[in-house]
Amino acid sequence: MGERIMKSFTVVTGIAAPMDRANVDTDMIIPKQFLKSIKRTGFGKNLFDELRYMDEGKPDQDCTGRPLNPEFPLNFPRYKGATILLARENFGCGSSREHAPWALDDYGFRSVIAPSFADIFYNNCFKNGLLPIVLSDEVVEKLFQEMYATEGYQLTIDLHTQTVQTPSGEAFSFEVDAFRKHCLLNGLDDIGLTLEHADLIRAYEAKRREEAPWLFDAVK
């Protein structure tokens, strides 16, 4: 089985797209019928499935011919290729499915900006290379209004300086835990962190093999 690689996050400049509603839960982000796979890829086509499409989505379905909801923002040409999602309070509430950040990441989003997040979703984002940014209601509202007023509206997120910069050059600071920041900057998930100590792990296994060879002989 191939080694999992999490994308690093340093500086991202990209189009911002809106999810202009509060309390978006994980079932809305990726509906329950798509949770059969434990792979971290392939979920992007079903992100916000019930909102994006006019019909009911099914697992392993080819989505290219499905009727799109013309009123859903991610289907608007102006938001094509968006990598930053603007959201409202309590984003990612509901069940604790890790598939939610998988779907956002697979679609192409690198960051979600909101006034608040559900705790489990917030933690899962960092483990999957997605940066959740908490900004005040007032700042988020300002970003929404600027985005709606400007087609192709882009934000620049700099994790090193912990800032979100608008096209006019205005910058807003955000907080992030130092350890989580280190992991994102270096593309380290839980497995990646463990593999940083691969030499020590191999040395320990070699020592144990010498001390208790019968344990290893029993494992074929």
Side-chain angles (χ1 to χ4, degrees), residues 6-26 28-30 40 43-44 47-48 73-74 79 81-94 96-150 152-190:
M6 189 175 84
K7 290 178 288 189
S8 61
F9 192 114
T10 52
V11 178
V12 169
T13 297
I15 293 174
M19 176 49 66
D20 200 349
R21 59 176 72 191
N23 303 310
V24 172
D25 63 28
T26 53
M28 184 178 291
I29 296 172
I30 182 70
R40 300 202 293 184
F43 295 99
L47 176 70
F48 302 123
L74 290 189
Y79 299 123
T83 56
I84 298 168
L85 186 67
L86 285 182
R88 297 295 186 179
E89 63 269 18
N90 200 29
F91 188 84
C93 57
S96 57
R97 61 190 67 171
E98 197 168 2
H99 297 71
W102 291 354
L104 288 160
D105 174 72
D106 193 63
Y107 181 86
F109 286 114
R110 299 302 319 278
S111 178
V112 181
I113 300 174
S116 60
F117 294 90
D119 289 341
I120 294 176
F121 173 83
Y122 183 81
N123 293 331
N124 283 338
C125 284
F126 286 101
K127 295 180 179 181
N128 291 282
L130 189 68
L131 176 59
I133 294 175
V134 176
L135 296 176
S136 69
D137 286 293
E138 293 76 16
V139 171
V140 170
E141 177 62 26
K142 177 181 175 65
L143 296 179
F144 265 104
Q145 294 307 316
E146 290 185 359
M147 176 190 59
Y148 286 140
T150 308
Y153 183 77
Q154 291 192 339
L155 295 171
T156 296
I157 299 172
D158 188 329
L159 183 55
H160 287 286
T161 61
Q162 296 176 211
T163 57
V164 176
Q165 184 171 309
T166 69
S168 67
E170 189 173 13
F172 302 98
S173 298
F174 61 89
E175 298 297 322
V176 62
D177 175 79
F179 175 71
R180 287 170 168 166
K181 180 178 180 178
H182 166 78
C183 291
L184 275 179
L185 287 172
N186 294 281
L188 298 172
D189 58 7
D190 290 344

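Source: prediction; values computed, not measured. All residue numbers refer to positions in the sequence shown, counting from 1. Computed from heavy atoms alone, side chains included, the values below leave out hydrogens, waters and symmetry copies.
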Do the non-hydrogen side-chain atoms of [X] and [Y] ever get within less than 4.5 Å of each other?
| X | Y | value |
| --- | --- | --- |
| Phe126 | Asp177 | no |
| Asp25 | Cys93 | yes |
| Phe172 | Thr163 | no |
| Met19 | Val112 | no |
| Phe9 | Ser111 | yes |

Between [X] (side chain only) and [Y] (backbone N and O only), is there a donor and an acceptor less than 3.5 Å apart?
| X | Y | result |
| --- | --- | --- |
| Thr10 | Leu185 | no |
| Arg110 | Gly14 | no |
| Asn186 | His182 | yes |
| Asp106 | Gly44 | yes |

Can you see which heavy atom on [X] is nearest to which on [Y], and at what distance?
| X | Y | answer |
| --- | --- | --- |
| Gly92 | Phe121 | O-CB, 3.3 Å |
| Phe117 | Ile133 | CE1-O, 3.4 Å |
| Pro101 | Asn124 | CG-CB, 3.8 Å |
| Arg88 | Ala114 | O-CB, 3.5 Å |
| Leu155 | Ala16 | CD1-CB, 4.1 Å |
| Pro18 | Pro73 | CG-CB, 3.7 Å |

Passes side chain to side chain contact (heavy atoms under 4.5 Å, CB included), Ile15 versus Thr83? Steps please. CA-CA 6 Å; Ile15 293 174; Thr83 56; 5.9 Å; no
Asp119 atom CG, neighbour heavy-atom count above 12 within 6.0 Å: no
I'd like to know if the side chain of Glu98 pairs up with that of Asn128 as donor and acceptor (distance under 3.5 Å, no hydrogens or angles considered). yes
Taking atom types as modelled, is there a side-chain donor on Asn123 or Arg180 under 3.5 Å from an acceptor on the other? yes
Mutual orientation of the aromatic rings belonging to Tyr107 and Phe109 [parallel < 30°, tilted 30-60°, perpendicular > 60°]: parallel
Should the ring pair Trp102 and Phe43 be called parallel, tilted or perpendicular, given that the plane angle runs from 0 to 90° and is split at 30 and 60? tilted
Straight-line distance of [X] [atom1] to [Y] [atom2], nearest 0.5 Å:
| X | Y | atom1 | atom2 | value |
| --- | --- | --- | --- | --- |
| Glu146 | Glu141 | CD | CD | 10.5 Å |
| Tyr79 | Ile84 | OH | CD1 | 13.5 Å |
| Leu85 | Leu130 | CG | CG | 9.0 Å |
| His99 | Ile30 | NE2 | CD1 | 8.0 Å |
| Phe179 | Leu184 | CZ | CG | 10.5 Å |

Can we say Lys181 and Glu175 salt-bridge, meaning some charged N sits less than 4.0 Å from an Asp/Glu carboxylate O? no
Run the salt-bridge test on Lys142 and Glu170 with the 4.0 Å N-O cut-off and return the result as yes or no. yes
In sequence, state the C-alpha distance, the side-chain angles, and the governing distance for Gln165 and Asp158, and then conclude on side chain to side chain contact (heavy atoms under 4.5 Å, CB included). CA-CA 8 Å; Gln165 184 171 309; Asp158 188 329; over 6 Å; no
The side chain to side chain contact (heavy atoms under 4.5 Å, CB included) partner of Thr166 among Thr150, Thr156, Leu143, Val139 is Leu143
Working note: Ile113 + Phe174, criterion side chain to side chain contact (heavy atoms under 4.5 Å, CB included); need CA distance, chi angles, decisive distance, verdict. CA-CA 10 Å; Ile113 300 174; Phe174 61 89; over 6 Å; no
